[in-house]
Protein chains: 2
Amino acid sequence: MELLFAYFEVKSGTLLTDMEKKRIASRFLAKRLRKRQYLLQEGDICKYFSFIVQGAARTYSVDEKGNEHILHFGTSGWWVGDNESFTLHTPTRYNIDMLGDTELLVITESDLQELIDTISAVSKTIAAISSQRVISAEKRIHAAISQTPEERFAALNAAYPDFLQKFPLNMIASYLGISTKTLGRIRNNSK
Amino acid sequence: MELLFAYFEVKSGTLLTDMEKKRIASRFLAKRLRKRQYLLQEGDICKYFSFIVQGAARTYSVDEKGNEHILHFGTSGWWVGDNESFTLHTPTRYNIDMLGDTELLVITESDLQELIDTISAVSKTIAAISSQRVISAEKRIHAAISQTPEERFAALNAAYPDFLQKFPLNMIASYLGISTKTLGRIRNNSK
DNA sequence: TCCCCTACGGGACAAATGTCCCCTGCCCTT
DNA sequence: AAGGGCAGGGGACATTTGTCCCGTAGGGGA
């Protein structure tokens with residue numbers, strides 16, 4: 001829980017009072033999931049957004065051929081959940097599962113909304129995250145339409161060098177939207 | 001200006017008072033640009049976000065080889081601008097130019113922030129847009145990493161059937177991240 | 001301890017996509 | 001009215017990417 005407090009304080013640029021911390025703590029629920037357990041499955045409504053305290057998760061879809069496509073990775077200090085399902089209450093197309101034993105802090109939409117409405121550090125944080133999300137999503141769209149797989153891989157390494165250590169190559173390939181074969185060729189060329 | 005008022009009212013689900021309309025009107029600046037004129041050029045800081053009253057625009061980058069990559073189209077009732085440059089005050093990588101004679105309503109970040117802080121319809125609208133933006137950006141990322149060009153084209157047609165009439169095929173191809181050749185082949189197959 | 005599953009890489013081939021020509025017709029400008 | 005530029009499409013070919021085999025090594029679970 002301390003990590004979450006620190007997160008709100010850093011992102012908002014303000015300090016939380018003890019009272020606010022108590023209120024935040026009362027709205028989040030600690031959850032532990034083991035490797036390969038699911039936080040969300042295709043068809044579910046995403047009722048919770050989750051802050052990763054420790055561990056790692058992936059958000060992915062499965063197509064008709066059974067291929068998995070990873071939309072997001074999440075590690076300590078990141079949020080996971082399907083925005084669309086969470087805000088519109090529609091069934092999700094995605095699955096979220098854990099890549100290792102993971103500790104989460106989960107919250108419902110109404111509880112989150114209440115914290116946003118009453119704690120300025122929370123509302124500032126959410127606004128900041130939301131803006132960041134748009135910016136990074138647009139960067140990724142731009143990368144997808146304008147860069148070669150090789151350039152996208154290089155950019156990923158530059159932005160998140162730890163991903164290569166943390167996640168297996170087949171997942172990296174899936175995240176980049178390429179086959180493991182192409183990723184393998186890229187890695188051969190660059191060494 | 002009426003279109004903008006209606007836009008805020010619909011998106012926020014609330015009505016604007018005459019006073020609020022006046023305040024909004026005083027912060028936006030009407031701007032007319034003719035076909036091929038630029039609203040933003042690579043290297044500029046994006047000082048204004050613009051609401052398109054009438055006309056059409058595109059946001060695109062130019063790579064080392066001189067190829068253009070269209071990140072966004074905008075038509076009547078849409079916003080154009082580079083989020084990253086606008087919020088972080090960094091030089092933009094994008095160009096925005098008009099695809100026909102266009103009427104815009106432009107606003108600076110500080111003026112927009114003031115309207116957000118003082119008019120609840122505006123703040124609700126911006127929050128709603130922001131959420132929508134994230135959702136649609138994630139859909140587009142998902143499409144890019146999980147679908148074939150053919151599927152992406154079909155999805156684009158389903159979502160924005162008017163794009164095909166409104167924009168030339170080379171721009172559609174650029175938006176989809178494929179060559180005009182591939183787009184041509186797709187269109188031949190589907191008829 | 002053993003076994004199985006998974007990650008990872010290689011080779012051969014197929015399929016998809018891009019590039020570079022060409023040509024045509026149309027619109028806009030002069 | 002004429003000319004220039006651009007959208008669009010076709011053919012031939014190169015390149016990239018994916019698919020389907022295969023094998024190996026290592027780690028986790030029974």
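Proteins come first, then strands; the chains are lettered A, B, ... in the order of their sequence lines, and each starts at number 1. What you see below is based on every heavy atom in this structure, not just the backbone, and it leaves out hydrogens, waters and symmetry mates.
For Pro149(A), the listed nucleotide lying nearest its side chain is dT17(D); candidates were dT17(C), dG8(D), dT17(D).
When each of Phe73(A), Tyr48(A), Phe51(A) is tested with Trp79(A) by the rule ring pair (Phe, Tyr, Trp, His ring centres under 6.0 Å), just one qualifies, namely Phe51(A). Under the ring pair (Phe, Tyr, Trp, His ring centres under 6.0 Å) test applied with His142(B), the options Tyr94(A), Tyr175(A), Tyr60(A) reduce to a single match, Tyr94(A).
We find that CG of Leu183(A) is positioned 13 Å from C1' of dG18(D), with the value rounded to whole Å. A straight line from NE2 of His69(A) to P of dG18(D) spans 11 Å, rounded to a whole angstrom. In this structure, Lys181(A) atom NZ and dA15(C) atom P are separated by 17 Å, rounded to whole Å. When rounded to the nearest whole Å, the span between NZ of Lys65(B) and P of dT15(D) equals 13 Å. At whole-Å resolution of the value, CZ in Phe153(B) and P in dT17(C) are 14 Å apart. We find that CD1 of Ile172(B) is positioned 17 Å from C1' of dG9(D), with the value rounded to whole Å. What separates CZ of Arg36(A) from P of dC5(C) is a distance of 12 Å, to the nearest Å. With rounding to whole Å, Glu68(B) atom CD is found 9 Å from dA7(D) atom P.
A salt bridge is defined here as a Lys NZ or Arg NE, NH1 or NH2 lying under 4.0 Å from an Asp or Glu carboxylate O, and Glu114(A) with Arg27(A) meets this definition.
No hydrogens or angles were tested; on distance alone, nothing pairs the side chain of Arg185(A) with the base of dG10(C) as donor and acceptor under 3.5 Å.
Residue Ser179(A) places at least one side-chain N or O closer than 4.0 Å to OP1 or OP2 of dG18(D). The shortest distance between the side-chain N/O atoms of Arg187(A) and the OP1/OP2 oxygens of dG9(C) is below 4.0 Å. Between dG10(C) and Asn188(A), a contact under 4.0 Å exists linking OP1 or OP2 to a side-chain N or O.
Each of Lys35(A) and Thr148(A) was matched to the nucleotide of DNA chain D holding its nearest heavy atom; the match closer to the 5' end belongs to Thr148(A). Nearer the 5' end of DNA chain C, as judged by each residue's closest nucleotide, is the contact made by Pro168(A), out of Pro168(A) and Asn67(B).
Using modelled atom types, one finds no donor on one side chain facing an acceptor on the other under 3.5 Å when comparing Trp78(A) with Tyr7(A).
The local environment of CD in Glu151(A) is crowded, with over 12 non-hydrogen atoms from other residues, nucleotides or ligands closer than 6.0 Å.
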